[in-house]
2 protein chains.
Amino acid sequence: MPITVLIVDDHPVVRTGLRAVLDGAADLVVVGEAATGEEALAMTEQVRPDVVLCDLRLGEGMDGIATTAAIRALSPAPAVLILTTYDRDAEVLGAIEAGAAGYLLKGVAPATILEAVETAARGGTYLSADLATRVVAGMRSPLPRLTDREVEVLRLLATGASNREMAKALFVTEATVKSHLVHIFTKLGVDSRARAVHVARETGLI
Amino acid sequence: MPITVLIVDDHPVVRTGLRAVLDGAADLVVVGEAATGEEALAMTEQVRPDVVLCDLRLGEGMDGIATTAAIRALSPAPAVLILTTYDRDAEVLGAIEAGAAGYLLKGVAPATILEAVETAARGGTYLSADLATRVVAGMRSPLPRLTDREVEVLRLLATGASNREMAKALFVTEATVKSHLVHIFTKLGVDSRARAVHVARETGLI
DNA sequence: GCCCAGGTCCATCAAAGGTTGGACGGCGTG
DNA sequence: CACGCCGTCCAACCTTTGATGGACCTGGGC
């Protein structure tokens with residue numbers, strides 16, 4: 001009995017590529033394609049695949065992590081393999097937390113994708129080699145938990161807002177903004193707004 | 001006589017997808033695949049394709065624009081079609097300036113890709129519909145030309161570097177760095193480093 | 001009830017960042 | 001070739017940011 005796979009990616013070309021790769025394996029059969037998270041969810045309920053191969057970035061609507069969480073909430077829940085171009089720490093952790101059975105970089109060889117799908121179908125977890133160590137590192141020193149307010153400030157910061165502007169936007173005084181900034185800096189281990197934005201981007205925090 | 005196409009993308013899956021799409025057309029034949037800009041250049045000289053379909057981002061080494069420029073410098077030069085995930089102004093313009101015969105978003109339908117390749121082979125220019133207007137807008141108010149030095153500063157800036165750090169890195173004084181910053185701010189129409197980084201990212205300048 | 005954590009607020013001072021104005025060399029054009 | 005323009009460089013001055021050390025209030029857990 002072959003392993004059934006649902007492909008989720010917003011790029012037709014990538015879907016075609018994945019289908020071609022998966023069709024090359026005798027024990028795999030692609031049972032559907034979806035372009036959005038919403039579509040993926042609906043199709044999963046209909047066709048009940050063994051594995052969902054899902055891009056992390058899906059253009060409009062739900063992203064890969066939200067889709068993963070929604071799919072894993074179904075029962076019986078198929079394994080979800082996250083596929084992506086980038087290797088941002090926060091996203092890896094987010095995907096794993098959302099119940100993903102693995103995380104693959106798009107740059108990997110076709111054989112690796114097949115291997116990952118088969119591992120996932122057997123209930124295992126597959127992480128691209130270069131990601132495994134990063135995840136472990138991430139586990140050791142988990143990403144700092146920013147409060148909602150702090151994330152709000154961080155987002156404004158990333159748009160280049162000054163303290164004065166953020167204060168206006170958030171209806172607080174400049175002093176309060178500075179206070180939030182200090183907390184953000186401490187949690188991110190930096191000492192300037194510019195660097196805070198940089199690490200926030202790097203870790204996928206924003 | 002069929003149109004010959006060389007596929008350039010650092011992701012095996014995407015290459016497979018493109019090959020599948022192009023093989024669907026009777027008058028197209030894929031004569032090779034390359035994973036890097038260097039490889040693409042070498043293969044272009046060997047197999048002399050009519051059209052080179054090239055991803056804008058190629059991981060290590062030359063990027064799509066550099067590769068386009070290098071390929072267009074050959075003679076006879078094949079048409080180069082740029083394929084990408086994103087639609088950043090600066091990159092569109094850069095690609096066109098480098099001699100690209102068009103610019104395609106990866107999200108488009110397979111039929112659109114075929115159409116673009118055929119247009120390119122006939123010597124025409126193809127731009128994804130939503131890009132055309134942006135290019136025109138870009139022409140009307142061209143992106144400011146930053147000098148090499150300014151771009152260098154901007155890149156450091158984006159990593160969150162302080163003036164002092166940039167000065168050390170560039171072997172100039174802090175005052176000089178500030179001077180470059182002023183010019184960058186003026187050209188980008190902003191008044192702070194944070195906002196400069198923001199618009200630089202938005203416009204694909206970095 | 002008590003305490004602690006998070007959000008808000010504040011003042012002060014040192015250290016960055018940003019503004020202004022100017023010097024020097026290369027390069028193209030009149 | 002002289003002129004101006006541009007890129008690079010620099011210094012002095014003023015503004016914003018970041019560090020420090022507090023204060024109050026709210027809500028949740030012991």
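Only a predicted model underlies this, so the values are computations on that prediction, with no experimental measurement involved.
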Practice problem: Check side chain to side chain contact (heavy atoms under 4.5 Å, CB included) between B/Lys106 and all other residues, then give those that pass, not counting sequence neighbours. | Solution: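 So B/Lys106 forms a side chain to side chain contact (heavy atoms under 4.5 Å, CB included) with A/His11, B/Asp9, B/Val14, B/Asp55, B/Leu83, B/Thr85.
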Quiz item: Do you know which two heavy atoms are closest between A/Gly64 and A/Leu58, and how far apart they sit?
Solution: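 Heavy atoms of A/Gly64 and A/Leu58 come nearest at N-CD1, 4.1 Å.
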In whole Å, what is the span from the [atom1] atom of [X] to the [atom2] atom of [N]?
{"X": "B/Lys187", "N": "D/dC6", "atom1": "NZ", "atom2": "P", "result": "9 Å"}
{"X": "B/Asp191", "N": "D/dT16", "atom1": "CG", "atom2": "C1'", "result": "12 Å"}
{"X": "B/Arg164", "N": "C/dG17", "atom1": "CZ", "atom2": "C1'", "result": "12 Å"}
{"X": "A/Asp148", "N": "C/dG7", "atom1": "CG", "atom2": "P", "result": "8 Å"}
{"X": "B/His183", "N": "D/dG7", "atom1": "NE2", "atom2": "P", "result": "9 Å"}
{"X": "A/Leu154", "N": "C/dG7", "atom1": "CG", "atom2": "P", "result": "14 Å"}
{"X": "B/Glu165", "N": "C/dG17", "atom1": "CD", "atom2": "P", "result": "8 Å"}
{"X": "A/Leu181", "N": "D/dT16", "atom1": "CG", "atom2": "P", "result": "16 Å"}

Practice problem: Identify which one of A/Leu104, A/Val51, A/Thr112 satisfies the side chain to side chain contact (heavy atoms under 4.5 Å, CB included) criterion when paired with A/Val117. | Solution: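 Testing A/Val117 for a side chain to side chain contact (heavy atoms under 4.5 Å, CB included) against A/Leu104, A/Val51, A/Thr112 leaves exactly one candidate, A/Val51.
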Practice problem: Would you mind checking if B/Glu152 and B/Arg149 are paired as a salt bridge, meaning a charged N to carboxylate O distance below 4.0 Å? | Solution: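 Answer for the salt bridge query: yes.
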Quiz item: When you check the gap from the basic side-chain N to the acidic O, do B/Arg195 and A/Glu165 get nearer than 4.0 Å?
Solution: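 A salt bridge is present here (some side-chain N lies under 4.0 Å from a carboxylate O).
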side-chain N/O [X] vs [N] OP1/OP2, d < 4.0 Å:
{"X": "A/Ser192", "N": "D/dG18", "answer": "no"}
{"X": "B/Asn163", "N": "C/dA16", "answer": "no"}
{"X": "B/Arg193", "N": "C/dG17", "answer": "yes"}

Just wondering, do [Y] and [X] contact through their side chains at under 4.5 Å, heavy atoms?
{"X": "B/Asp191", "Y": "B/Phe185", "answer": "no"}
{"X": "B/Val31", "Y": "B/Pro49", "answer": "yes"}
{"X": "A/Leu41", "Y": "A/Leu74", "answer": "yes"}

Self-check item: Upstream residue (5' side of DNA chain D) when B/Arg149 and A/Ala194 are each assigned their closest nucleotide
Solution: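 Nearest nucleotide further toward 5': that of B/Arg149.
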Quiz item: Between A/Thr176 (side chain) and A/Val172 (backbone), is there a donor-acceptor pair under 3.5 Å?
Solution: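 No; judged by distance alone, with no hydrogens or angles, the pair does not exist.
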Quiz item: Near DNA chain D, under 4.0 Å by heavy atom, which residues of residues 166-180 of chain B?
Solution: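 Residues of residues 166-180 of chain B under 4.0 Å from DNA chain D: B/Val172, B/Thr173, B/Ala175, B/Thr176, B/Ser179, B/His180.
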Protein N or O to nucleotides 24-29 of chain D N or O, pairs below 3.5 Å:
none

